[in-house]
Amino acid sequence: MARYTLQRFIYMIITLFIIATATFFLMKLLPGSPLTNQEKLTPEQKQIILEKYGLNDPVPVQYVNYLKNLVQGDLGISFQYDNRPVTELIVERIGPSAQLGFQAIVFGTIVGLLLGIFAAIRHNSAGDYFATVLSVLGISIPSFVFAALLQYYIGVKLQWLPVAFWQGFEYTIMPTIALSMGVIANIARFTRTEMLEVLNSDYILTARAKGISQAGVIFKHAIRNALIPIVTILGPMAVNLMTGTLVVEQIFAVPGLGEQFVRSINLNDYTVIMGTTLFYSALLILVIFIVDILYGVIDPRIRLAGGKK
Amino acid sequence: MNKLDYQNLSPELFQPAPVNTHDQEKINRPSLTFWQDAWIRLRKNKGAITGLIMIIILSLMAIIAPMTSDYSYKEQDLKRAKLPPKIPVLENISWLPFDGKDANGVDVYEQRGIKEYYWFGTDDLGRDLWTRTWYGARISLYIALLAAAIDLLIGVMYGGISGFYGGRVDNVMQRIIEILVGIPNLIVVILFILIFDPGIISITIAMVITGWVTMARIVRGQILKLKNMEYVLASRTLGATNSRLIFKHLIPNVIGPIIITTMFTIPYAIFTEAFLSFIGLGIRPPEASLGSLVSEGYRSIQTFPHMMMIPAIVISLLILSFNLVADGLRDALDPKMRK
């Protein structure tokens with residue numbers, strides 16, 4: 001297990017390094033310069049600014065400096081947001097995004113699990129079809145369409161919830177629902193499939209034969225085994241959530257990281273784009289790493305396969 | 001029937017049946033190939049067939065509609081801006097939103113003296129949304145074809161080579177995949193779109209780089225499993241060449257998972273393009289994509305809901321039908337996975 005963890009960890013570091021390198025060189029290829037929007041500057045002033053940010057150094061020197069700073073958690077200085085450090089900008093914006101993500105995972109997982117279990121118990125009934133249709137729709141309707149519709153009907157037409165902005169709990173409800181739709185659909189589909197498989201296995205038959213109630217069979221025996229493979233969809237789900245926050249924050253005007261990322265892309269703000277990209281990648285790679293290890297811990301078969309290598 | 005009178009049954013009724021050794025081995029049902037069998041299973045799946053029909057209809061519309069329309073997708077005319085949808089015949093059905101009246105019930109066409117019909121209405125700049133919507137659907141379908149082609153060409157080849165040759169080749173190829181898997185797709189796509197200008201070409205390149213990894217992994221897994229089977233060994237013993245092994249024995253056995261994976265890649269690719277266009281990184285005006293149409297329509301959703309609703313419905317239907325067909329194909333091609 002220790003060897004497997006170490007191996008995974010090394011891969012994680014290599015991947016991060018490659019992403020950091022690729023991001024740096026791709027950014028150097030970008031059309032436009034951070035000074036594009038400041039046309040009033042004299043050539044001398046431009047020179048001073050380029051000098052100050054080290055943009056006049058040869059690219060390899062810039063690269064080494066960039067890596068050095070990166071290791072110390074310094075992602076550079078934003079060109080557009082009043083010269084503020086990128087790390088500070090990210091830290092400032094991460095709160096709302098993290099809260100949204102967390103709420104969406106909790107809400108989505110609970111609803112998804114209930115829906116999936118319900119569908120599996122009532123296999124081939126109207127309830128099952130309803131749950132299946134719901135989850136297929138949940139997977140098919142793009143998050144931005146769902147978020148926009150939600151905002152229009154619940155926020156504008158019915159005026160049940162605030163339309164946008166971020167000023168208290170009721171402002172988080174609609175973005176959370178919009179974001180959790182994908183989570184609900186994925187978890188419901190997965191739970192249903194796994195539960196159906198487990199419910200047909202012999203040990204469930206034994207449990208039933210011993211006279212355990214339906215609820216006892218479901219909650220004490222079936223769910224535990226059905227939930228093991230759910231760990232595998234956590235990685236893709238994290239990616240989904242990240243994509244989701246980009247548009248959902250845009251639509252509901254949430255002052256989060258995703259909203260800032262999209263804005264800095266349109267502003268050509270290199271360092272913020274680079275920093276945020278790295279931050280997102282590191283986050284996702286960390287999630288994938290944890291999921292891999294977790295899966296090894298939960299399911300001994302994976303560990304054996306890893307050891308044989 | 002009354003009770004049988006056992007006493008009166010004649011012994012002739014109890015003759016042994018003639019044994020025809022020739023007919024014993026006869027196969028009464030027509031023998032089915034793998035594909036016929038799969039098609040029968042697919043046909044029974046209502047969702048998949050609905051999806052298939054919807055894909056055909058949407059594709060036909062995407063091909064034909066922009067050609068038959070009198071307006072090009074980028075033709076602007078401010079005199080006819082922001083018209084609500086109006087369709088002949090359907091305009092007389094009061095509950096359908098195709099009567100050319102805006103949110104306040106005013107017939108805008110009459111007010112402005114416009115004789116033509118704009119089936120899906122027009123946008124802020126007076127561009128015909130009927131043409132633009134189906135033009136956008138073309139882009140989505142192009143992306144779908146592209147994603148499938150990348151999966152089939154690069155993914156299958158990479159996975160196949162890696163799995164079949166094994167050893168050091170496999171080791172190196174797998175390390176590369178291991179790293180690629182760690183990099184979030186979307187990040188690569190966004191970075192590429194930043195270097196090249198947003199547009200169909202950058203999306204294409206970015207997808208070529210990231211799109212095939214899942215397929216390669218699945219094909220490799222299958223090939224690894226299959227190549228150690230006895231029938232492959234038998235064939236090899238009989239002197240079959242590598243290419244014969246690959247094309248006659250391995251590929252036909254992996255084709256099921258390949259098709260299933262391709263079908264699941266397609267809706268994801270369509271969504272990715274629409275998503276990028278929505279946040280302004282994909283197709284940009286005057287070109288039209290379903291994602292950018294939704295984004296443009298979203299800005300005026302309060303006054304002109306049709307501008308967003310129509311492309312939103314088309315993109316959702318498109319992704320939905322590909323998902324339904326993919327689900328159906330999985331059940332049809334891989335009965336073991338069927339629940």
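Just so it is clear: chains get the letters A, B, ... in the order the sequence lines come, proteins before strands, and each one is counted from 1.
Interatomic distance, Asn240(A) CG to Tyr268(B) OH, rounded to the nearest 0.5 Å: 7.0 Å. Here CD1 of Ile319(B) is found 12.0 Å from CG of Leu137(A). Values are rounded to the nearest 0.5 Å. Distance check, rounded to the nearest 0.5 Å: CZ of Phe275(B) to OG of Ser143(A) gives 6.5 Å. For the atom pair CE of Met309(B) and OH of Tyr152(A), the computed distance is 6.0 Å after rounding to the nearest 0.5 Å.
Counted within 6.0 Å of CD1 on Ile201(B), heavy atoms from surrounding residues, nucleotides or ligands total 12 or fewer; the atom is thus considered open. Counting heavy atoms of neighbouring residues, nucleotides and ligands inside a 6.0 Å radius, atom CZ of Arg217(B) does not exceed 12 of them.
Considering all non-hydrogen atoms of both residues, Ile279(B) and Val262(A) come closest at O-CG1, 4.0 Å. Listed here is the closest heavy atom pair of Asn323(B) and Ser140(A): ND2-OG, 3.1 Å.
Using a 4.5 Å heavy-atom cutoff, the side chains of Gln151(A) and Ile301(B) are not in contact.
Met242(A) touches chain B through its side chain: at least one heavy atom from C-beta onward sits under 4.5 Å away, while N, CA, C and O do not. Using a 4.5 Å cut-off between heavy atoms, Leu324(B) touches chain A through its side chain atoms alone. Using a 4.5 Å cut-off between heavy atoms, Ile251(A) touches chain B through backbone and side chain atoms alike. Looking at Tyr298(B), only its side chain comes within 4.5 Å of chain A, counting heavy atoms on both sides. Contacts between Arg263(A) and chain B at a heavy-atom distance below 4.5 Å are absent for every atom of the residue. Interface remark: Ile141(A) contributes backbone and side-chain atoms alike to the contact with chain B (heavy atom separation under 4.5 Å). Only the side chain of Phe261(A) comes within contact range of chain B, with heavy atoms under 4.5 Å apart.
Note: Val247(A) leads Ile14(A), Ile18(A), Val247(A) in heavy-atom pairs under 4.5 Å with chain B. Of the listed residues (Val136(A), Asn200(A), Thr243(A), Val145(A)), the greatest number of heavy-atom pairs within a distance under 4.5 Å of chain B belongs to Thr243(A).
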